[in-house]
Each structure stands twice: as structure tokens, then as C-alpha cells.
Chemist: 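Sharing a structure, written as C-alpha cells. Questions coming.
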Amino acid sequence: MHRESDARKKIGLFGGTFNPVHWGHLRPAEEIREAFDLAQIIFIPVHIPPHKKSDVVSAMHRFNMVKRAIRGNRFFSVSDIELTRPGKSYSIDTIRHFHGLTGGEQHIFFILGRDAFREIYTWKDYPLFFSACNFIVMDRPGMLNIENEHLLPQDNTNKFTPNKNEECFVHVSGCRIYLYRVTQLDISSTVIRSYVRNGKSIRYLVPPAVENYIIDQRLYRC
Ligand code: ATP
């Protein structure tokens, strides 16, 4: 496992829609923080243009739910950087922002699920990410049948070398993509939203503070 003795702060950036945040986000984040000795994991609700997905609640609600979900965990925080940035918001700009606060690319660990990582080729300037930060790709139920080698975007595979000891791929820049097995919790925001819509219980799928917020604010009813 990655345990450099480096005085500089290693931080995890965990981007997601968080519509809503659930235990399937929180428990894996906790496990990753411990395993990689991260000083902090920053949850970053991403900006979703209103026309893009009709069932995404406002940025304010998604931010508020994460804030409530992580309360009491001193290693977790939430950033509104992608929600307040004027104009279009791109993850590469977020990473550049955090470079200034850490020791640079080697100290940033971008956390995401296998399903999201497979879509990375759709991100703006995606090849730049591989030299701008490390990645921690977590397993997610239903996504384990994809061979690790097939996770890398095809036009970039020649830039990586597999490192079996560390269970990662090393980019020519020195940044790494770690594949990490987290406790498999088969929970998704999609299922939670559909349960709320159908009047079903969401208890034990989300933290109580998030459940209460959804009820109080009457979210996801239709
Ligand atoms: P939706 O069902 O609306 O697509 P989601 O449950 O996938 O949402 P996101 O906010 O899109 O949640 O996820 C943020 C990140 O967390 C993504 O990288 C995703 O792969 C990862 N993730 C979400 N749920 C899980 C889970 N149960 N286990 C591991 N990773 C997860």
C-alpha cells in the first residue's frame, strides 16, 4: 500500500453528483483515507447544468446533504468550488486549484468508482489528469468483471506501466492509478431517488441526517 513518509499533506478529492450522498460513498471514503494515509478527504459536489439531468436537485441541496453526512468526521470536508465557480466548471481546474494548497500533483489523490473512471475519456482534457494527480479507483458492485488493463483509456495505455506490488499503474509522469478494493455496498443514488419517489423507506441507505433532510425538504418526490 502507498505509505510514503512525506511531510507534505496528501489529500483525497472525491468528486460526485451526490444526489444524494449515501453510505456507498462514505464507507469506501473512510477505508481509502486510512489505507492511503490521507490527511483529508474533500467531497466535491460537481456542477450539473440544469438542462443536463432533470432529476438532479439543486447544488445547494446536494452540498447541504454532504455537509450533514460528514458532520463529526474531522478527516472529511466538503467544498463548493465546482458549484460557485462562474461559467463552466471542469475537474481539471479543480485539481489545479488544489495544487496550490498541497505539494503538487504527487499529493493529490482523485477518488472515484470504477464506473466513473471508465468514462474518463469523456472529461475535458482527460490525458492531462494522468500527470496532474494520482487516482484511486474503487471497486463497485457490478463493475468487477472488467479487467484492470481494460480500465485505462486505449489511447493512453502505452504511457502506463503496471506495478503489481503496489496494485497500480504508473504513468510516465510518476503519477499513479491505484485500484483499491473497498467494502462492496450495492447502493446507488438512483435507487434511493426511486425509493423516495415510490414512498419506500431509505433508512440504512443514507445517514439519518440525510434522510431527515430529504424528508424535510421534500426532495425526490416526483
Ligand atoms: P447515480 O445512481 O445517480 O448515478 P451514484 O450512486 O453513482 O449516483 P455519484 O454521486 O454519481 O453516485 O458517485 C460519485 C462517485 O462515487 C463515483 O465515482 C461513483 O463511481 C462512486 N460510487 C457511488 N456509489 C458507490 C458505491 N456504492 N461503491 C463504490 N463507489 C461508489
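Counting begins at 1 with the first residue of the sequence. As the structure is a computational prediction, the values presented were derived from the model and not from experiment.
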Chemist: Does any part of the side chain of Phe130, heavy atoms only, come nearer than 4.5 Å to the side chain of Lys159, both counted from C-beta?
Modeler: no
Chemist: Does any N or O in the side chain of His47 come within less than 3.5 Å of the main-chain N or O of Ala59, such that one atom is a donor and the other an acceptor?
Modeler: no
Chemist: Determine whether Arg27 and Val182 make a side-chain contact, defined as any pair of heavy atoms from C-beta on separated by less than 4.5 Å.
Modeler: no
Chemist: Are Val56 and Thr17 close enough that some pair of their side-chain heavy atoms sits under 4.5 Å apart?
Modeler: yes
Chemist: Working to the nearest 0.5 angstrom, can you tell me the gap between Arg140 CZ and Arg181 CZ?
Modeler: 14.0 Å
Chemist: How far apart are the closest heavy atoms of Ile187 and Trp23, and which atoms are they?
Modeler: CD1-CB, 4.1 Å
Chemist: Could you give me the CA-CA distance, side-chain angles and deciding distance for His22 and Val210, then say whether side chain to side chain contact (heavy atoms under 4.5 Å, CB included) is met?
Modeler: CA-CA 8 Å; His22 51 70; Val210 174; over 6 Å; no
Chemist: Using 0.5 Å steps for rounding, measure from the CZ atom of Phe63 to the OG atom of Ser58.
Modeler: 12.0 Å
Chemist: Would you call the rings of Phe43 and Phe14 parallel, tilted or perpendicular if under 30° counts as parallel and over 60° as perpendicular?
Modeler: tilted
Chemist: Does the side chain of Cys168 reach to within under 4.5 Å of the side chain of Asn163, using non-hydrogen atoms?
Modeler: yes
Chemist: List the atom of Ala132, the atom of Ile92, and the distance in Å for their closest heavy-atom pair.
Modeler: CB-CD1, 4.4 Å
Chemist: Would Leu112 and Met138 count as a side chain to side chain contact (heavy atoms under 4.5 Å, CB included) here? Give the steps.
Modeler: CA-CA 6 Å; Leu112 75 185; Met138 4 176 219; 5.8 Å; no
Chemist: Whether Asp55 and Arg193 form a salt bridge (side-chain N of Lys/Arg under 4.0 Å from carboxylate O of Asp/Glu) is what I want to check.
Modeler: yes
Chemist: Please list every donor-acceptor pair under 3.5 Å in which a side-chain atom of residues 196-208 meets a protein atom from a residue at least two apart or in another chain.
Modeler:
{"residue": "Asn198", "atom": "ND2", "partner": "Ser194", "partner atom": "O", "Å": "2.8"}
{"residue": "Ser201", "atom": "OG", "partner": "Arg203", "partner atom": "N", "Å": "3.1"}

Chemist: Can you tell if the side chain of Tyr178 reaches within under 4.5 Å of the side chain of Glu166, non-hydrogen atoms only?
Modeler: yes
Chemist: Run the side chain to side chain contact (heavy atoms under 4.5 Å, CB included) check on Phe109 and Ile32 step by step: do they pass?
Modeler: CA-CA 10 Å; Phe109 293 73; Ile32 286 170; over 6 Å; no
Chemist: List the atom pairs, donor and acceptor, that lie under 3.5 Å between side-chain atoms in residues 70-82 and the rest of the protein, sequence neighbours left out.
Modeler:
{"residue": "Asn73", "atom": "OD1", "partner": "Phe75", "partner atom": "N", "Å": "2.9"}
{"residue": "Asn73", "atom": "ND2", "partner": "Glu30", "partner atom": "OE1", "Å": "3.2"}
{"residue": "Ser77", "atom": "OG", "partner": "Gln40", "partner atom": "OE1", "Å": "3.0"}
{"residue": "Ser79", "atom": "OG", "partner": "Ile81", "partner atom": "N", "Å": "3.0"}
{"residue": "Glu82", "atom": "OE2", "partner": "Thr94", "partner atom": "OG1", "Å": "2.7"}

Chemist: side-chain hydrogen bond (donor to acceptor under 3.5 Å, both in side chains) for Asp155 and Tyr126? Distances and angles first, verdict last.
Modeler: CA-CA 11 Å; Asp155 51 354; Tyr126 82 89; 2.5 Å; yes
Chemist: Could you grab the distance from atom NE2 of His171 to atom SG of Cys133, nearest 0.5 Å is fine?
Modeler: 10.5 Å
Chemist: Tell me whether Arg33 contacts the main-chain N or O of Ile11 through its side chain, where contact means a donor paired with an acceptor under 3.5 Å.
Modeler: no
Chemist: Can you tell me how far apart CG (Leu38) and CG (Leu13) are? Round to the nearest 0.5 Å.
Modeler: 9.5 Å
Chemist: Just wondering, do Tyr180 and Asp139 contact through their side chains at under 4.5 Å, heavy atoms?
Modeler: no
Chemist: Shortest non-hydrogen contact from Pro45 to Leu83?
Modeler: O-CD2, 3.5 Å
Chemist: Kindly give the heavy-atom pair with the smallest separation between Pro153 and Ile120, and that separation in Å.
Modeler: CG-CG2, 3.7 Å
Chemist: Using a 4.5 Å cut-off on heavy atoms from C-beta on, say whether the side chain of Ile177 contacts that of Glu167.
Modeler: no
Chemist: Please answer whether the main-chain N or O of Ile215 pairs with a side-chain N or O of Gln217 as donor and acceptor at a distance below 3.5 Å.
Modeler: no
Chemist: Report the relative orientation of the aromatic rings in Trp123 and Phe135; use parallel for angles under 30°, tilted for 30 to 60°, perpendicular for over 60°.
Modeler: tilted
Chemist: Would you indicate whether the side-chain heavy atoms of Phe110 and Ile95 approach each other to under 4.5 Å?
Modeler: yes
Chemist: Is it the case that one hydrophobic cluster holds both Val172 and Val170, taking links as side-chain heavy atoms less than 4.5 Å apart, direct or via other members?
Modeler: no
Chemist: Can you give me the closest heavy-atom contact between Ala209 and Arg68, atom names plus distance?
Modeler: CB-CB, 3.9 Å
Chemist: Measure up the Tyr213 and His61 rings against each other and bin them: parallel (under 30°), tilted (30 to 60°), perpendicular (over 60°).
Modeler: perpendicular
Chemist: Checking the side chain of Ser173 only, and the main-chain atoms of Cys175 only, is there a donor and an acceptor separated by less than 3.5 Å?
Modeler: yes
Chemist: CD1/Ile41 to CG/Leu26 distance, rounded to the nearest 0.5 angstrom?
Modeler: 10.0 Å
Chemist: I need the minimum non-hydrogen distance between Tyr220 and Pro20, along with the two atoms involved.
Modeler: OH-N, 3.2 Å
Chemist: To the nearest 0.5 Å, what is the distance between CD (Glu31) and OG1 (Thr183)?
Modeler: 3.5 Å
Chemist: Going through the checks in order, is the side chain to side chain contact (heavy atoms under 4.5 Å, CB included) test met by Ile136 and Phe36?
Modeler: CA-CA 9 Å; Ile136 301 173; Phe36 289 80; 3.7 Å; yes
Chemist: Checking the side chain of Asn19 only, and the main-chain atoms of Val57 only, is there a donor and an acceptor separated by less than 3.5 Å?
Modeler: yes
